[in-house]
Amino acid sequence: MSRYIVKRFIQLAAVLFGISFLTFLLTYLSPGDPARLMLMSTGVTPSDELVQQVRVQLGLDQPFWIRYGTWLGQVLTGDFGTSYKYDRPVLDILLSRLPATLRLTGSALLLVVLIAFPLGILSAVYRNNVLDYVIRLFSFAGLSMPSFWLGMLLMLVFGVQLKLLPVMGSSGWDSLILPACTLALPLIAQYIRQIRTVILEEMSQNYVMGARARGVKERVIMMQHILPNILLPIVTLMGMSTGALLGGAAIVESLFVWPGVGQMAVDAIFTRDYPLIQGYVIWMATIYVLLNLIVDLWTHLHDPRIRLDVDV
C-alpha cells in the first residue's frame, strides 16, 4: 500500500510539473507586454522608459528558463505572484473566491445525488417500460443541452417571465438555485445513464439469478446486493465529476455573475492578468489531481481485485 501511495504521488507530481510548465509557456507566448498591461490596468499611460523599468523589476528581461525557475520556486512556497488588475497576492484572491465556487459545486453535486440515483434505479428496475422511456428521454435531453444555453433558458423562464428567482449575483440562498441547476442537469443526465447501465449489468450476474431462484425479494436483492456493488464505480465517477465541476463552473459563474474562481478566471483572461491565470490553472490542477488521488486510494482500499493486481 505504501509503495502504491508513493508511486501515485510521484505520478501526480510529474503531472503538476508538466501543467505548470505548459501554463507558464503559454502565458509567455501570449501577445502583449505584461509590464505595459500592469501599468495600463492602474490607469497609467506608460512610457517606454517606465515599461522597461517595470520589466526589470519583475524579471521580465530574463531568459525564459530563469523566469520559469524563479516562478516555480515561488509557487512551491505558496507565492503565486501579484495580480495586475487587483494589485493583491494571487493566493489571497483565490482563497477569497474559492468558497463561492465550493458552495456552487457542492449544491450541484447534492442535486445529482438526490435526483440521478433514484431516477437511474427506477429506469433500470422498470426497463423498457413507459417510465424508463420517459427517464431516458430526460437523460438524452440533458446531455444534448449546452450549459450556457440551459442557463439562459432557466434565466428566461424562472427569472424574467415567472420572476421567481434572481438571475445573477449571490445575494441569498435563492440566487444559488439557477446556477446550481444549470451545473447539475447535464451531470444528472450522465449519471442516470451510468447508474442504469451498471445496475442492469449487475442484474444479469449469476449471484442475482441465484438469489431470485432462492425466492429472495427483488427489493432485498436491490438494497443488499446490487446497490453496494455499484457503489465503487459511481463513487469513482463522482470524484472525477467533482474536479470537472470545479474547472467547468467558469461558464456558469460568468453567466450568473457568481463570485467564484471561474468568473475570476474569465475576467483575468479578458484583462490578460497572467499571474492570476497561472495561479488559477495551478490551483485547479492541484485540486483535480488530489481528488483523483483520493478516489484512487478509496478504490484501492475497497476493491480487492485492484488491490491484488497492484500488489502483484
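These numbers were taken from a predicted model, which means no experiment stands behind them. These numbers come from the heavy atoms of this one structure, side chains and all, not from hydrogens, waters or symmetry mates.
- Contact annotation: the side chain of Met152 never approaches that of Leu156 to less than 4.5 Å [non-hydrogen atoms, C-beta and beyond].
- The shortest non-hydrogen separation linking Met168 to Val257 is CB-CG2, 3.8 Å.
- Ring-centre distance between Phe21 and Trp65: below the 6.0 Å cut-off.
- Looking at heavy atoms from C-beta onward, Phe117 lies in side-chain contact with Ile195 at the 4.5 angstrom threshold.
- Atom CE in Met284 sits 7.0 Å away from atom CG in Leu94 (nearest 0.5 Å).
- Leu255 has its side chain within reach of Met155: a pair of non-hydrogen atoms, C-beta onward, lies under 4.5 Å apart.
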Assess the residue pair Ile226 and Tyr207 against the criterion (side chain to side chain contact (heavy atoms under 4.5 Å, CB included)); give the C-alpha distance rounded to whole Å, side-chain angles, the decisive distance to 0.1 Å, and a yes or no. CA-CA 10 Å; Ile226 295 179; Tyr207 76 90; 4.2 Å; yes

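- Looking at Asp92 and Tyr86, their side chains never bring a donor and an acceptor atom within 3.5 Å of each other.
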Tell me, with the steps shown, if Tyr280 and Met264 meet side chain to side chain contact (heavy atoms under 4.5 Å, CB included). CA-CA 9 Å; Tyr280 168 79; Met264 177 210 69; 4.1 Å; yes

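- Following chains of ILVMFWY side-chain contacts shorter than 4.5 Å, one cannot reach Ile66 starting from Phe17, and the two form parts of different hydrophobic clusters.
- Looking at heavy atoms from C-beta onward, Arg136 lies in side-chain contact with Asn128 at the 4.5 angstrom threshold.
- Using modelled atom types, one finds no donor on one side chain facing an acceptor on the other under 3.5 Å when comparing Ser139 with Tyr191.
- A chain of hydrophobic side-chain contacts below 4.5 Å, direct or via other Ile, Leu, Val, Met, Phe, Trp or Tyr residues, connects Trp173 to Leu165.
- Listed for the Arg97 side chain is no donor-acceptor partner under 3.5 Å among the backbone atoms of Val261.
- Other residues, nucleotides and ligands contribute more than 12 heavy atoms inside 6.0 Å of the CZ atom of Arg67.
- Annotation: side chain of Ile10 is in contact with side chain of Val6 (closest heavy-atom distance under 4.5 Å).
- Taken to the nearest 0.5 Å, the CD1 atom of Ile93 stands 8.5 Å off from the OG1 atom of Thr82.
- More than 12 heavy atoms of other residues, nucleotides or ligands shown are found within 6.0 angstrom of CZ on Phe64.
- Neither Val134 nor Phe138 shares a network with the other; the hydrophobic side chains, linked directly or stepwise wherever heavy atoms of I, L, V, M, F, W or Y lie under 4.5 Å apart, form separate groups for each.
- Taking 4.5 Å as the limit, every side-chain heavy atom of Gln263 sits out of range of all side-chain heavy atoms of Val266.
- No chain of hydrophobic side-chain contacts below 4.5 Å, direct or via other Ile, Leu, Val, Met, Phe, Trp or Tyr residues, connects Leu187 to Phe140.
- With hydrogens and angles disregarded, no donor-acceptor distance shorter than 3.5 Å links the side chain of Asp79 to the backbone of Val75.
- Separating the CG atom in Leu200 from the CD1 atom in Ile230 is a distance of 10.5 Å, to the nearest 0.5 Å.
- Considering every non-hydrogen atom in both Ser83 and Leu276, the closest pair reads OG-CD2, 4.2 Å.
- Residue-environment remark: CE (Met209) exceeds the threshold of 12 foreign heavy atoms within 6.0 Å.
- In this structure, the side chain of Ser123 does not engage the main chain of Arg196 through any donor-acceptor pair within 3.5 Å.
- Between the side chain of Gln190 and the backbone N or O of Pro186, no donor-acceptor pair lies under 3.5 Å.
- Note that CG of Leu293 and CG of Leu12 are 5.5 Å apart. Values are rounded to the nearest 0.5 Å.
- In this structure, Gly120 and Ile199 approach most closely via the heavy-atom pair O-CD1, 4.4 Å.
- Taking the side chain as every heavy atom from C-beta outward, Trp149 and Leu153 approach each other to under 4.5 Å.
- Residues Leu137 and Leu143 fall into different hydrophobic clusters, defined by Ile, Leu, Val, Met, Phe, Trp and Tyr side chains chained together at heavy-atom separations under 4.5 Å.
- A distance-only check finds no donor-acceptor pair linking the side chain of Trp71 to the backbone of Phe24 [under 3.5 Å].
- Applying the 6.0 Å contact sphere to CZ of Phe158 captures no more than 12 heavy atoms from other residues, nucleotides or ligands.
- Side-chain contact between Trp283 and Leu91: present, with at least one pair of heavy atoms (C-beta onward) separated by less than 4.5 Å.
- Counted within 6.0 Å of CZ on Arg212, heavy atoms from surrounding residues, nucleotides or ligands total more than 12; the atom is thus considered enclosed.
- In this structure, CG on Leu16 lies 12.5 Å from OH on Tyr288, to the nearest 0.5 angstrom.
- Summarising the geometry, atom CD1 belonging to Ile282 is positioned 4.5 Å from atom OG1 belonging to Thr23; distances are rounded to the nearest 0.5 Å.
- When all heavy atoms of Ser175 and Pro166 are compared, the closest pair comes out as CA-CG, 3.6 Å.
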Report the C-alpha separation of Val125 and Met222 in whole Å, then their side-chain angles, then the decisive distance to 0.1 Å, and conclude whether the side chain to side chain contact (heavy atoms under 4.5 Å, CB included) test is met. CA-CA 9 Å; Val125 171; Met222 179 64 66; 3.6 Å; yes

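- Here the shortest heavy-atom pairing between Tyr68 and Ser20 reads OH-OG, 3.0 Å.
- Tyr126 meets the ring pair (Phe, Tyr, Trp, His ring centres under 6.0 Å) test with no other residue; sequence neighbours excluded.
- Closest non-hydrogen pair, Ser107 versus Ala180, comes out as CB-CB, 4.0 Å.
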